[in-house]
> 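Take this structure, written in structure tokens, and hold onto it; I'll ask about it next.
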Amino acid sequence: MKKKKKHLLPGFGLSLGYTLVYLSLIVLIPLAAVFLRSAELGPSEFWAVVTTPRVLATYRLTFGASLIAALINLVFGLLTAWVLVRYQFFGKKVLDALVDLPFALPTAVAGISLTAIYAPNGWLGQWLEPHGIKVAFTPLGVVVALTFIGLPFVVRTVQPILEDFSAEAEEAAASLGANRWQTFYKIILPAIWPALLTGFSLAFARAVGEYGSVIFIAGNMPMVSEITPLMIITKLEQYDYAGATAIAVVMLVISFALLLIINLLQWWSSHRHGNRA
Amino acid sequence: MSITIQNISKGFGQFSALRDINLQVPSGELVALLGPSGCGKTTLLRIIAGLETPDGGQVLFDGQDTTHTDVRERQVGFVFQHYALFRHMTVFENVAFGLRVRPKATRPSEAEIKKRVHDLLSLVQLDWLADRYPPQLSGGQRQRIALARALAVEPKVLLLDEPFGALDAKVRKDLRRWLRRLHDELHVTSVFVTHDQEEALEVADTIVVMNHGQVEQVGSPQAVYDNPATPFVYEFLGNVNAFETPQGKGFVRPYEIAVSREPQENSIAGALTYVHSVGSLVRLEIKRADNAQYVDVELGREQFNQLNFQQGETVYLKPSQLRVF
């Protein structure tokens with residue numbers, strides 16, 4: 001007779017089935033279609049499409065700017081979360097709500113307003129221009145837009161962990177003679193590190209896929225300020241579906257590899273810190 | 001190192017946590033701050049540690065004013081109720097932390113740190129757990145590691161905030177004795193906070209009974225138990241019966257009452273409503289005939305067996321000792 005493994009929680013088979021079907025419909029099948037469509041090109045043709053200098057330039061900009069934006073958000077997101085958790089001040093609730101705004105705002109609106117502000121005749125642009133700093137219509141503008149849309153991720157992942165962090169551990173460190181910096185980097189940072197990494201990878205993933213806010217501020221000059229998603233749209237508009245999906249496949253593979261690395265890093269750090277129990 | 005507390009007061013908003021506290025802790029003693037929750041005992045301990053600043057008054061270590069010395073420089077070991085171990089570090093690293101964060105000039109060498117930590121872990125009898133992480137330990141083990149970590153910096157004063165509060169009864173009893181023995185070995189001036197009178201009576205050299213932000217009585221366990229200075233101390237330390245007397249409220253311990261079947265001069269009649277006979281003492285619950293209040297009486301088992309009281313029987317009570325406030 002077949003031995004049936006008992007699960008303490010009922011409905012495992014049913015809920016797993018639903019999850020698989022759901023994930024297949026929403027994620028796996030569309031992604032598989034991308035791969036199938038790009039397979040219409042032969043291997044050499046595929047390679048030629050995804051390695052033209054113009055396309056290579058977009059990879060550099062998209063992944064480079066996303067990385068920089070995510071790093072900026074890592075630092076300032078942590079700072080924002082810290083301020084929101086640690087201090088009581090007038091208008092804290094408003095500030096807290098403000099953090100979510102980049103989530104809610106249509107990205108095109110964000111793009112248009114950022115462009116308006118940073119354009120050479122804009123509020124901020126007119127002050128930066130004389131110093132030789134051009135933001136709008138340059139790669140720097142791309143970084144600004146990606147930083148904007150990625151802001152909430154680090155704040156919202158780190159905030160609850162910081163809130164749960166016991167003041168006692170900090171007091172214990174202080175009573176043992178640790179100064180503030182030692183307490184932060186030996187006690188607090190290891191505790192919030194997994195959350196920081198999660199926030200970082202979310203902000204990064206979001207930035208890689210961002211389209212709406214970037215195209216307004218980027219200026220979209222080939223080889224200079226063109227992002228990969230725009231490249232894909234351009235190909236689609238030329239009815240080059242196979243070429244568009246080929247670039248999409250490359251993007252997908254790179255993104256997946258990067259997220260995998262971040263996840264491994266997270267797994268490794270949580271193991272090293274013995275959060276097993 | 002002796003601790004002197006002079007006119008310390010502290011408030012949180014409207015609430016006044018400590019009011020004009022004066023206290024002297026002689027060098028090398030083990031002192032218990034005992035009181036109900038909210039009496040200010042933990043606040044006082046945190047002020048001694050430097051984790052809290054008083055609104056007024058002074059804290060002196062060996063006569064030196066340390067009121068405004070930062071907790072980092074105060075050289076106190078603090079043990080928290082919920083251990084506050086660093087969960088991402090091994091037991092070894094937890095204990096070594098206080099040595100590793102020292103400035104380069106005074107930091108011991110790696111070999112010295114290793115030796116010191118292993119010595120301390122042996123002292124708390126947990127050397128075999130050096131490579132484990134705190135979440136893998138039991139509550140009693142965690143608290144002993146927390147103590148070893150506090151001792152690693154060679155504190156001049158050891159402060160413990162409800163050190164056994166989060167542990168179950170059996171472990172608590174063992175740890176209590178262990179702490180007492182450890183203190184007898186180390187002789188570091190120690191102050192611990194507790195709301196458990198039994199714990200304070202068993203472990204401490206001196207008990208400081210606190211209530212509503214004030215010190216009610218200071219004395220040896222025997223002194224505060226046998227000669228309570230105030231009604232509060234009487235009621236807080238052990239079971240007690242309160243009687244209304246013409247002179248005021250009178251207190252008598254359950255074992256200071258004689259019970260008999262025959263009325264005597266000035267005795268009180270009552271019905272024996274409940275007999276609780278587990279252990280060496282037999283507890284009787286008697287409902288007074290005159291005002292229907294309950295009185296607790298404790299008898300030795302032998303004595304109870306001789307008298308052989310039955311539930312529901314009418315008995316006569318006579319306090320052998322009555323303290324009136």
Side-chain angles (χ1 to χ4, degrees), chain A residues 74 78 81-82 85-90 92 157-158 160-200 262-277, chain B residues 42 45-46 48-52 70-103 106-107 131-138 142 145-155 157-162:
Chain A
L74 187 71
L78 172 58
W82 184 271
V85 171
R86 286 309 173 94
Y87 305 106
Q88 296 300 326
F89 52 89
F90 181 76
K92 176 169 158 169
T157 48
V158 173
I161 308 294
L162 265 184
E163 263 160 14
D164 280 354
F165 191 77
S166 81
E168 278 193 354
E170 276 172 69
E171 287 176 348
S175 75
L176 293 167
N179 61 37
R180 282 177 204 286
W181 169 244
Q182 285 169 325
T183 306
F184 176 75
Y185 113 113
K186 289 190 175 218
I187 305 301
I188 300 172
L189 202 57
I192 61 174
W193 186 237
L196 266 178
L197 264 181
T198 303
F200 173 80
I262 294 172
N263 267 313
L264 284 176
L265 214 63
Q266 211 164 16
W267 177 83
W268 172 77
S269 77
S270 75
H271 254 243
R272 199 182 60 133
H273 294 324
N275 292 338
R276 280 153 290 193
Chain B
T42 294
L45 192 77
R46 289 172 61 87
I48 299 174
L51 292 169
E52 211 93 59
D70 193 273
V71 57
R72 293 170 184 84
E73 276 111 51
R74 224 176 256 211
Q75 290 182 285
V76 295
F78 201 97
V79 176
F80 294 84
Q81 183 179 4
H82 299 287
Y83 332 121
L85 291 176
F86 308 134
R87 43 177 299 144
H88 62 282
M89 291 182 192
T90 60
V91 163
F92 181 94
E93 286 304 324
N94 263 282
V95 179
F97 184 84
L99 302 172
R100 287 204 198 285
V101 296
R102 285 194 186 165
T106 55
R107 194 186 307 155
D131 297 324
R132 302 280 187 89
Y133 286 90
Q136 298 168 312
L137 310 183
S138 72
R142 286 185 213 183
I145 297 300
L147 192 60
R149 182 179 69 176
L151 289 172
V153 294
E154 295 177 323
V157 170
L158 188 62
L159 305 169
L160 307 101
D161 183 13
E162 301 251 2

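Everything numeric in this text was worked out from a predicted model, so none of it was measured. Letters A, B, ... mirror the listed sequences (proteins, then strands); counts begin at 1.
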> Does B:His82 reach the main-chain N or O of A:Glu168 with its side chain, forming a donor-acceptor pair under 3.5 Å?
no

> Less than 4.5 Å apart, any side-chain heavy atom of A:Lys186 and any of B:Arg100?
yes

> What residue in A:Ala174, A:Gly177, A:Ser166, A:Ala191 has the most heavy-atom pairs under 4.5 Å with chain B?
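Winner by heavy-atom pair count: A:Ala174.
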
> How far apart are the closest heavy atoms of B:His88 and A:Ile187, and which atoms are they?
CE1-O, 3.7 Å

> For B:Ala150, is it the side chain, the backbone, both, or neither that has a heavy atom closer than 4.5 Å to a heavy atom of chain A?
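Contact with chain A is through the backbone of B:Ala150 alone.
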
> Considering only heavy atoms from C-beta outward, does the side chain of A:Leu176 approach that of B:Phe86 to under 4.5 Å?
yes

> May I have the step-by-step check of side chain to side chain contact (heavy atoms under 4.5 Å, CB included) for A:Glu171 and B:Phe78, ending in yes or no?
CA-CA 9 Å; A:Glu171 287 176 348; B:Phe78 201 97; 6.0 Å; no

> Got a donor-acceptor contact below 3.5 angstrom from the B:Arg72 side chain to the A:Ala178 backbone?
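Yes: the side chain of B:Arg72 pairs with the backbone of A:Ala178.
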
> Is it true that, when you exclude B:Arg107 itself, more than 12 heavy atoms of the residues, nucleotides or ligands shown sit nearer than 6.0 Å to its CZ?
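Atom CZ in B:Arg107 is crowded, with more than 12 foreign heavy atoms closer than 6.0 Å.
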
> Which bit of A:Ser175 comes within less than 4.5 Å of chain B, counting heavy atoms only: side chain, backbone, both or neither?
both

> With a 6.0 Å cut-off (strictly less than), is the heavy-atom count around CZ of A:Phe184, excluding the residue itself, greater than 12?
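Result for CZ/A:Phe184: enclosed.
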
> Is it the backbone or the side chain of B:Arg74 that comes under 4.5 Å from a heavy atom of chain A, or both, or neither?
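When you check distances to chain A, no heavy atom of B:Arg74 falls under 4.5 Å.
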
> Please classify the contact between A:Ala167 and chain B as side chain, backbone, both or neither, with a heavy-atom cut-off of under 4.5 Å.
neither

> Kindly check if the number of other-residue, nucleotide or ligand heavy atoms within 6.0 Å of CZ (A:Phe90) is above 12?
no

> What closest approach, in Å, do A:Ala172 and B:Ala84 show between heavy atoms, and which atom pair accounts for it?
CB-O, 4.0 Å

